[in-house]
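Here the structure comes first, spelled out in structure tokens, and everything after it is commentary.
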Amino acid sequence: MSTRPQQPAAATPAPGKLPLTELAELKAARQPIVMVTAYDAPGGRLADQAGADLVLVGDSAAMTVLGHDSTVPATIEEMLVLTRAVTRGARRPLVVADLPFGSFQVSDEDAVRNAIRFVKEAGADAVKLEGAGPTLSRVRAIVGAGIPVMGHLGLTPQSATMLGGFKAQGRSAEKALRLLADARALEAAGCFSLVLEAVPAPVARRVSEELSIPTIGIGAGVDCDGQVLVWHDLLGLYEGRTARFVKRYADVADVIRGALGRYAEDVRERRFPGEEHTYAMPADELALFEQAARATDGARGSRPG
Ligand code: KIV
């Protein structure tokens with residue numbers, strides 16, 4: 001008999017929403033799962049239109065959207081606003097909200113309370129938590145409250161300082177075995193899926209073969225059950241240093257810069273707005289307006305002070 005806890009009996013999914021159970025079916029069918037981060041409604045909508053299965057409102061928002069140097073400063077309130085925006089845009093994909101640093105470390109009770117906020121106030125379908133160790137009892141508690149949980153192992157940015165910086169993890173036999181043990185423990189705790197970040201490909205393959213839940217890789221090789229990339233990395237919107245595992249599919253920053261430059265030039269040269277961007281009014285109404293405005297002008301001029 002399996003010792004795995006039951007998957008949460010989540011509320012009835014909205015019409016058209018990808019059922020959570022389909023992720024396991026995709027893994028069984030060896031059909032790669034597509035996840036991408038998003039931080040606003042247009043991002044959620046575009047990810048949906050592009051056929052993403054999962055949209056992650058990552059705490060990477062702290063760096064990509066809010067301009068911080070790490071993910072640590074992201075607050076619950078900020079993440080709630082971003083998640084709410086994404087769930088307004090993404091209809092079919094499951095929206096996973098990253099629990100930010102400080103929102104689940106203190107106690108199981110605190111973690112459950114905060115996870116519930118993401119579901120009730122922001123419409124998230126699931127939450128993601130970094131790490132193993134004390135995170136295991138948080139996962140059990142949140143899953144017990146009926147909220148699906150995605151785990152995250154390998155390079156866990158919230159504890160990058162403890163890990164010695166933003167570097168690949170599990171590169172020695174001992175560390176790879178630890179990672180495998182943590183992955184098994186997260187599955188046993190009830191996670192429906194597991195992100196593997198910056199992990200050697202053979203280690204990620206082994207974890208993916210061992211677990212019955214799907215793994216989602218980022219810098220973890222092609223044998224994970226799915227892949228995730230950060231919106232700004234994928235689209236060329238993040239102009240800081242990016243990791244080796246990033247593949248840039250577009251240079252959207254360049255497109256935006258070009259468009260803004262042309263707009264600024266048009267404004268300065270009075271080429272914008274043109275006739276086609278301007279509202280007219282009936283000639284007789286305009287004449288009445290001019291006449292009345294002149295009269296008011298006169299009255300204002302004669303007023304003392
Ligand atoms: O915050 C984030 O965007 C993430 C992904 C890199 C998996 O955790």
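Quick note: residue numbers are just sequence positions, from 1. Order of appearance sets the numbers: ligands from 1, and atoms from 1 within every ligand. Predicted model only: the values in this text are computed from it and were never measured.
Not counting sequence neighbours, Glu22 has no partner by the salt bridge (charged side-chain N to carboxylate O under 4.0 Å, His left out) test.
Among the atoms of Tyr39, none of the N or O lies under 3.5 angstrom from an N or O of ligand 1. For a threshold of 3.5 Å applied to N or O pairs, the pair formed by Glu197 and ligand 1 contains no separation below that value.
Remark: side-chain polar atoms of Asn114 are paired, donor with acceptor, to backbone N or O of Ser103 under 3.5 angstrom. Judged by distance alone, the side chain of Asp59 and the main-chain N or O of Pro100 form no donor-acceptor pair under 3.5 Å.
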Step by step, would you call Thr242 with Asp233 a side-chain hydrogen bond (donor to acceptor under 3.5 Å, both in side chains)?
CA-CA 7 Å; Thr242 55; Asp233 292 342; 5.6 Å; no

For the pair Lys128 and Asp98, evaluate salt bridge (charged side-chain N to carboxylate O under 4.0 Å, His left out) and give the outcome as yes or no after the intermediate values.
CA-CA 5 Å; Lys128 177 167 84 59; Asp98 225 352; 2.9 Å; yes

Arg184 vs Glu210, test: salt bridge (charged side-chain N to carboxylate O under 4.0 Å, His left out). Steps then yes/no.
CA-CA 8 Å; Arg184 287 179 183 139; Glu210 281 238 357; 2.9 Å; yes

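By heavy-atom distance, the residue among Val96, Leu56, Val36 lying nearest atom 5 (C) of ligand 1 is Leu56.
The aromatic rings of Phe272 and His277 sit tilted relative to each other, their planes meeting at an angle between 30° and 60°.
Defined by atom type and a distance below 3.5 Å, a donor-acceptor pair is present between the side-chain atoms of Ser137 and Asp108.
For ligand 1 and Gly58, the ligand atoms under 4.0 Å from any heavy atom of the residue are 1 (O), 2 (C), 3 (O). Every atom of ligand 1 with a heavy atom of Ile218 under 4.0 Å away is listed here by number and element: 6 (C). Residue Asp59 has at least one heavy-atom neighbour below 4.0 Å for each of these atoms of ligand 1: 1 (O). Of all the atoms in ligand 1, the ones that sit under 4.0 Å from a non-hydrogen atom of Asp98 are 1 (O), 2 (C), 8 (O). If you number the atoms of ligand 1 from 1 as listed, the ones under 4.0 Å from a heavy atom of Ser60 come out as 1 (O), 2 (C), 3 (O).
Heavy atoms of Thr37 found under 4.0 angstrom from ligand 1 belong exclusively to the side chain. When non-hydrogen atoms are compared, ligand 1 lies under 4.0 Å from the side chain of Lys128 (C-beta onward) but not from its backbone. Contacts of Thr71 with ligand 1, taken as heavy-atom pairs under 4.0 Å, are absent altogether.
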